[in-house]
Structure formats: C-alpha cells, structure tokens
Amino acid sequence: MTISKKSMKWIPWLLVLPVVIIRGFTTLYPILMTVRNSFFDIKILSGINEFCGIQNYLKIFSDPKVLTSIRFTVIFVVVSMIFHVILGVGLALILNMKFKGRRFLRTIVLIPWAMPAVVVGMAAKWAFNNDYGLINDFIRLFVHGYQNSWLINTGSARAAVIAVDLWKDLPFFAILVLSGLQFISGDAAKVDGANGIQCFFRITLPLILKNVLTLTIPFTLWRLTTFDIVYSMTSGGPGEDTALIAYRITTEAFTNLNVGYASALAMLLFAVMAVFSWLNIRVMNKIDN
C-alpha cells in the first residue's frame, strides 16, 4: 500500500498535534478562564459565584491596598530599571576591559542571578536585620552605633527590596549587554584622537542602544511580575507598603480566596504589560528607521 504525497502533508501536523493540544490547554485555557472570572464575584469561602460585570475592575481604583501596591510597583519598576540600565552598562564596560582573570570574573558575577529568588529573599531578610544583619554591621564599621530597622520603616524597606532585586538580576543584564560590546571596536575613534568618554558616547552607546532597549522589555516585564523576593523578604510589609501588584494578586487569589477580584487585577497587569511591550517595539522600530 502506497501513501500519496497529499497524505504525507498531514503527517507533520499529526505529529505536532498532541503538543499543540497540551500547550493550548495549559496556556489558552487559563487565560480564557481568568478573563471570564474577572467578570464574576467568586469568593470560595463564602460559596459565592455570581456575575458582577465590571464591578471588580471598578473596585481596583477604590481599594487602598491595591492603590498602594500600584504606586510601589511603579516606583519599583522605574527605579530598578534606571539602575539596571546605568549600572548594567557600566558593569558590562568593566567586564569588556582586558585584564587578567576577566573570564573568571565573568563567570562568578552570574552567581547572584543563578540563585533562587526565594533563597535570596530569605538571606536578605537576615542581612537587613538591625541587630545581627550584615548590612548594619558593615555600616557600623564607619558609623559607630548606627541603628536602622530596614524592613520596619517604609522608605528603607522599599529601598532594600529594590537593592536586592538589583543585586540579583543586574549581573545577567550586564552579561547580555556585554555580548553586544564584543562586536564593537573603538580603535578607529582612538586613532582620530578621541578619548574614552568620547568613544563611549559617539561609538559604543549608539551601537548598543538598540540592544539595551530590547533588553528593557523582558526585564521590565519581570519587574512587573516580581513576587518571590517580596514574599520571602518582607511579606508585603511593613503594612502593605512593599506589596507589589503581583504579590497582591497572589494574596487575593490564594489567601483571601477572592478569585474574581484577583482575576481582574491579573487582567489589569496583563493590559499594562501589553501596552508597554507595544510602546517599546514602536520605539525600536523608529530607531531602525
């Protein structure tokens, strides 16, 4: 029995069909259910499952806890990304220099990024302790009797969360920028008499600008969905002041069991991420043109 060429065309589709079905079930189904649940008042403990229209969305803008989470999320993302870009490019330039042991340094610099975020958060919780923490002990070497309860005060707790996020992911950002620096040579500018700063702004920065902008897309999205560092380090405290929006969604869904409201928050976060990605792509397209 021979198989016609027309029948052979269906064989690849049949082979990938199981993967497509599984992927569709594990990706599309949760998304569709989240959209559906966002229009329902679903409280598991109370046994409530009623259609409420856009009430969950309207509640977002009057919920003080959520508004606090949104404000800190904006601060967290903006400040963290500014320092990611500035310090990441600076670290990449250092790693791109020719010196003995740079390969070893490029390897060990990725250790923080390779560590699980929950482990980093737990370690940071100890490090920022006022009585026996590493941070205060180090500061006391220069300022005698220094006292600061980092994770109890709002400002210092937020600064600590941002600092830990930078410590963990900044090396990975720098390594990715470094990959773009490998193909740039400043010899031509040096021949023309340009110094190091002029070489950076005239040659290096324009050539790596698109690479840096491209990196800001996933890194910003990761900042928007950060959960584990806050969960293990501050549990959203003091009060609700370090509860990022992703942490608030998790709390509403799995602690308060308010599934409908959590779904509305998740859809709001999804919309923000989609708009940001679209704007970033538009900016990169303009740079190409």
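Everything numeric here is computed off the predicted structure, so don't read it as measured data.
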Are any of the side-chain heavy atoms of [X] and [Y] separated by less than 4.5 Å?
X      : Y      : value
Leu110 : Phe172 : yes
Thr204 : Val89  : no
Leu91  : Phe173 : no
Asp169 : Arg223 : yes
Val259 : Ser263 : yes
Thr225 : Met273 : yes

Nearest 0.5 Å, please: how far is [atom2] in [Y] from [atom1] in [X]?
X      : Y      : atom1 : atom2 : result
Ile82  : Ile162 : CD1   : CD1   : 10.0 Å
Leu170 : Ile175 : CG    : CD1   : 10.0 Å
Met233 : Asp165 : CE    : CG    : 10.0 Å
Asn130 : Ser149 : CG    : OG    : 4.0 Å
Leu205 : Leu93  : CG    : CG    : 9.5 Å
Thr242 : Phe72  : OG1   : CZ    : 6.0 Å

Whether over 12 other heavy atoms sit under 6.0 Å from [X] [atom1]:
X     : atom1 : value
Phe40 : CZ    : yes
Phe99 : CZ    : yes
Arg23 : CZ    : no
Leu15 : CG    : yes
Tyr57 : OH    : yes

ask   = side-chain contact (heavy atoms from CB on, under 4.5 Å) between Leu213 and Lys210: does it pass, once the steps are laid out?
value = CA-CA 5 Å; Leu213 288 175; Lys210 184 180 178 181; 5.7 Å; no

Joint cluster assignment, [X] & [Y], ILVMFWY side-chain distance < 4.5 Å:
X      : Y      : answer
Leu105 : Leu181 : yes
Val20  : Tyr29  : no
Leu87  : Ile111 : yes
Leu166 : Ile94  : no
Ile249 : Phe61  : yes

inquiry  = For the backbone of Glu252 and the side chain of Thr255, can you confirm whether one donor and one acceptor N or O come within less than 3.5 Å of each other?
reply    =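 Between the backbone of Glu252 and the side chain of Thr255 there is no qualifying donor-acceptor contact (under 3.5 Å).
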
ask   = Is it the case that Gln182 and Asn96 place a side-chain donor and acceptor less than 3.5 Å from each other?
value = yes

Side-chain donor-acceptor contacts of residues 114-129 below 3.5 Å, not counting sequence neighbours, with atom names and distances?
unit_1, atom_1, unit_2, atom_2, d
Asn129, OD1, Asp131, N, 2.8
Asn129, OD1, Tyr132, N, 3.2
Asn129, ND2, Tyr132, OH, 3.3

So, for [X] and [Y], which heavy atoms are closest and what is the spacing to 0.1 Å?
X      : Y      : value
Leu151 : Pro238 : O-CD, 3.8 Å
Lys168 : Pro112 : CG-O, 3.4 Å
Arg103 : Thr107 : O-OG1, 3.0 Å
Tyr247 : Ala243 : CD2-CB, 3.8 Å
Arg158 : Ile75  : NH1-CD1, 3.9 Å
Pro30  : Phe25  : CD-O, 3.3 Å

ask   = What's the verdict on side-chain hydrogen bond (donor to acceptor under 3.5 Å, both in side chains) for Tyr261 and Asp63, showing C-alpha distance, side-chain angles and the deciding distance?
value = CA-CA 11 Å; Tyr261 189 42; Asp63 189 338; 2.9 Å; yes

query = So Ile42 and Arg36, side-chain contact (heavy atoms from CB on, under 4.5 Å) or not? Walk me through it.
reply = CA-CA 11 Å; Ile42 304 175; Arg36 180 263 182 194; 3.9 Å; yes

query = Lys43: what forms a salt bridge (charged side-chain N to carboxylate O under 4.0 Å, His left out) with it, not counting sequence neighbours?
reply =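 Per chain and number, Lys43 pairs via salt bridge (charged side-chain N to carboxylate O under 4.0 Å, His left out) with Asp41.
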
key: Candidates Leu224, Val66, Thr250 - the one meeting side-chain contact (heavy atoms from CB on, under 4.5 Å) with Ile245   =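 With Ile245 as partner, Leu224, Val66, Thr250 yield a single side-chain contact (heavy atoms from CB on, under 4.5 Å), made by Val66.
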
task = Go through the steps to decide whether Phe276 and Val77 satisfy the test side-chain contact (heavy atoms from CB on, under 4.5 Å), and finish with yes or no.
result = CA-CA 12 Å; Phe276 170 80; Val77 172; over 6 Å; no

query = After noting the C-alpha distance and the side-chain angles of Asn136 and Trp150, does the key distance pass the side-chain contact (heavy atoms from CB on, under 4.5 Å) rule?
reply = CA-CA 9 Å; Asn136 280 357; Trp150 286 88; 2.7 Å; yes

